[in-house]
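Okay, so here's the structure we're looking at.
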Amino acid sequence: MTSTFAAPTDAASGSFAVDLPQFSGPLDLLLSLIRDEQVDIYDIPIARIAQQFVERIRTLELNEAAEYLEMAARLLRIKAQLLLPVGAQESWEDPRAELVRRLLEYQQMREVVDVLERRGEERRSHFARAFLPAQPAPPQAPLALSLIELLAAVDRVLRAVSRPDMHDVVPRALDVPGAIDTIRAVLALRARTLFTDIIMTGHVPWQVLSMLLGLLELARVGELHVTQLRPFANVEITAAARDNASEAA
Amino acid sequence: MTTLAKLLEAALFASARPITGEELATLAPDESAAAIAAAIDELREHYDVDGHGVELQELAGGWQILTRAEYTEAIERAQLAARPQRLSAAALETLAIIAYRQPISRAEIEEIRGVAIGGVLKSLHERGLIDVVGRGEGLGRPLMYGTTPVFLEHFALRHLEELPRADELAIALRVPVPEAAPE
Amino acid sequence: MTTLAKLLEAALFASARPITGEELATLAPDESAAAIAAAIDELREHYDVDGHGVELQELAGGWQILTRAEYTEAIERAQLAARPQRLSAAALETLAIIAYRQPISRAEIEEIRGVAIGGVLKSLHERGLIDVVGRGEGLGRPLMYGTTPVFLEHFALRHLEELPRADELAIALRVPVPEAAPE
């Protein structure tokens with residue numbers, strides 16, 4: 001089978017895990033059916049292949065079933081199209097044509113995979129030098145960079161961001177600086193206050209969150225202390241040493 | 001061996017990766033390209049004729065000393081070195097497509113493979129086998145991927161042209177046509 | 001060289017650390033200690049008598065192939081003279097964004113470029129072209145990046161205002177300046 005060369009150990013490495021036990025996708029499964037049935041890829045008996053395809057995905061435990069189901073649906077659609085009377089129109093296009101093109105393309109790619117696999121195995125049978133004596137941090141090579149290159153990069157960036165959705169500056173969802181100002185103003189009036197005192201009744205979630213982050217930020221820089229006597233109790237906010245607070249104000 | 005061949009040998013031994021011709025030239029700035037090429041030949045012949053455990057290979061646009069294949073198994077058995085992990089089928093298929101169609105976007109790769117390839121691209125990128133080489137035209141300006149020198153190293157290729165040309169493959173396929181079917 | 005000497009050479013080459021006598025024994029379990037010792041001698045003599053860029057040394061931990069001292073200087077010099085490094089397209093674009101938008105946070109750059117830029121920022125920083133110039137307001141107080149005097153020096157700019165404005169770029173890009181800035 002086509003994907004047997006993926007070592008089972010690969011599964012442990014996560015990202016390189018083989019996604020399906022036997023097939024690397026619906027095209028792989030389809031090709032294997034065509035090979036097993038020994039039919040001409042340019043003249044696929046769609047009814048028979050479609051039926052077998054559906055049977056196979058029923059018996060296989062496919063964890064990416066969507067892609068296989070999509071292919072099954074496509075096969076059944078082609079089958080239906082072939083059942084329609086061809087009629088006398090001169091511009092009849094074989095509904096299988098696109099599928100054949102994709103299968104050939106996929107098969108060609110598999111051929112390249114075989115080449116890569118062979119070359120990769122060849123390279124794996126040689127070791128490179130592993131011991132490299134520690135060197136005093138190699139001096140960096142001089143940088144080759146002209147202004148014109150930099151400006152060309154600016155130009156590329158400007159072109160890349162000229163999409164309309166990149167033009168708008170997204171407003172910050174939170175206003176932490178504003179919250180910090182409010183907290184400082186409250187603490188300037190009284191040295192001790194409660195969290196519920198700085199949250200106004202009409203505050204919406206982003207404002208409450210801004211307040212909370214402002215509070216944590218000020219606590220982090222030592223402008224205030226935050227205490228909570230027991231879980232879910234109100235939070236007490238105490239201004240830190242006076243010199244700190246006045247400097248902040 | 002000539003002094004130049006010895007110098008090249010020392011430099012090649014000091015590197016875990018292939019050394020390009022340009023780099024060899026900076027190593028011996030007073031020597032002509034022909035002299036360096038002759039020294040490389042001398043070194044390769046010395047390894048081959050004299051019988052050594054290592055050999056000189058040309059790959060990824062440069063030269064690299066590698067152990068001979070016949071000793072690999074014994075070295076691995078003695079746990080003195082380990083072979084790198086094989087790539088999965090999904091990774092190989094994705095690499096094959098990128099190698100032939102670069103620069104290529106993720107959507108185009110998925111179209112050819114017939115499956116989504118999210119994690120595979122990331123792993124290949126982390127392994128240094130592929131890189132973002134630009135942005136495509138068109139909707140969303142997709143990232144375009146290409147292979148790297150590490151890719152050549154991994155598959156012991158001197159350059160990309162060493163891969164069979166599309167028309168040399170058993171299944172000859174027309175040049176990628178953007179839209180649907182031929183005749 | 002005998003096959004055993006070749007095997008030892010390959011193993012010594014592929015191993016990341018010195019190989020002890022015990023390990024050499026597991027490498028060739030059918031060989032006697034005397035045979036292995038003889039092969040080690042053979043390898044060392046081959047390197048010495050034949051004239052090689054490397055030599056076999058016995059260190060505290062075991063045996064190791066090392067570059068001969070007389071070539072290390074040339075190799076280091078070559079690394080220094082290695083062809084000037086070019087910045088990747090990704091690094092250039094990131095540098096361009098920082099130059100024109102500083103101070104700017106990593107998240108803002110990533111939003112513009114559409115890809116993660118961790119490694120790129122690091123290499124630009126190591127190159128001394130950018131530096132952390134402060135912390136932004138807002139969530140997490142992100143590090144803000146800006147260009148450095150080294151950046152100005154590199155492009156022979158007196159100050160940042162000498163960079164063309166965005167609307168002047170088209171003209172600036174048309175002028176075929178080979179190296180840095182005109183007066």
Side-chain angles (χ1 to χ4, degrees), chain B residues 1-16 19-20 22-30 39 43 46-47 50-55 65-83 122 125-126 131-135 140-144 148, chain C residues 1-20 22-30 39 43 46-47 50-55 62 65-83 88-90 93 113-117 119-120:
Chain B
M1 269 204 262
T2 59
T3 309
L4 184 54
K6 286 192 267 182
L7 171 61
L8 298 188
E9 182 184 43
L12 288 162
F13 255 78
S15 171
I19 299 185
T20 63
E22 272 175 65
E23 286 164 331
L24 290 180
T26 44
L27 197 65
D30 301 334
L43 193 58
H46 175 85
Y47 286 153
D50 220 48
H52 268 265
V54 294
E55 61 191 8
I65 298 178
L66 295 172
T67 59
R68 281 189 198 279
E70 56 251 57
Y71 304 115
T72 303
E73 212 184 303
I75 293 171
E76 200 163 45
R77 212 176 328 111
Q79 300 189 334
L80 295 169
R83 301 210 228 177
K122 190 161 168 280
H125 191 254
E126 278 168 4
D131 206 354
V132 173
V133 294
R135 274 178 185 275
R141 312 221 51 209
L143 296 176
M144 305 298 277
T148 63
Chain C
M1 270 204 259
T2 58
T3 308
L4 185 54
K6 287 193 266 183
L7 171 61
L8 296 187
E9 182 185 42
L12 288 162
F13 179 83
S15 168
R17 54 200 161 72
I19 301 185
T20 63
E22 268 172 62
E23 284 171 319
L24 288 180
T26 46
L27 192 66
D30 301 335
L43 189 59
H46 176 85
Y47 285 155
D50 220 49
H52 268 266
V54 295
E55 60 190 349
I65 301 177
L66 292 174
T67 311
R68 273 187 203 282
E70 60 245 62
Y71 301 114
T72 50
E73 201 198 324
I75 293 169
E76 274 167 29
R77 197 162 6 92
Q79 281 168 347
L80 180 68
R83 69 208 138 126
S88 67
E93 287 173 17
R113 290 213 49 234
V115 284
I117 53 158
V120 169

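Quick note on labels: first sequence line is chain A, next is B, and so on, each numbered from 1.
- Thr3(B) touches chain C through backbone and side chain together, each having a heavy atom under 4.5 Å away.
- Between atom CG of residue Leu43(C) and atom NE2 of residue His52(B) there is a gap of 8.0 Å, rounded to the nearest 0.5 Å.
- When each of Ser88(C), Ala14(C), Ala5(C), Pro29(C) is scored by its heavy-atom pairs under 4.5 Å with chain B, the top score falls to Ala14(C).
- For the atom pair CD1 of Ile65(C) and CD of Glu55(C), the computed distance is 10.5 Å after rounding to the nearest 0.5 Å.
- The minimum heavy-atom distance between Glu23(B) and Thr26(B), with the atom names listed, is O-OG1, 2.6 Å.
- In this structure, Arg68(B) and Lys6(C) have side chains that are not in contact, with every pair of non-hydrogen atoms separated by 4.5 Å or more.
- Residue Glu70(B) does not touch chain C at all, counting heavy-atom pairs closer than 4.5 Å.
- For Leu7(C), the parts lying near chain B are the backbone and the side chain together; criterion is any non-hydrogen pair under 4.5 Å.
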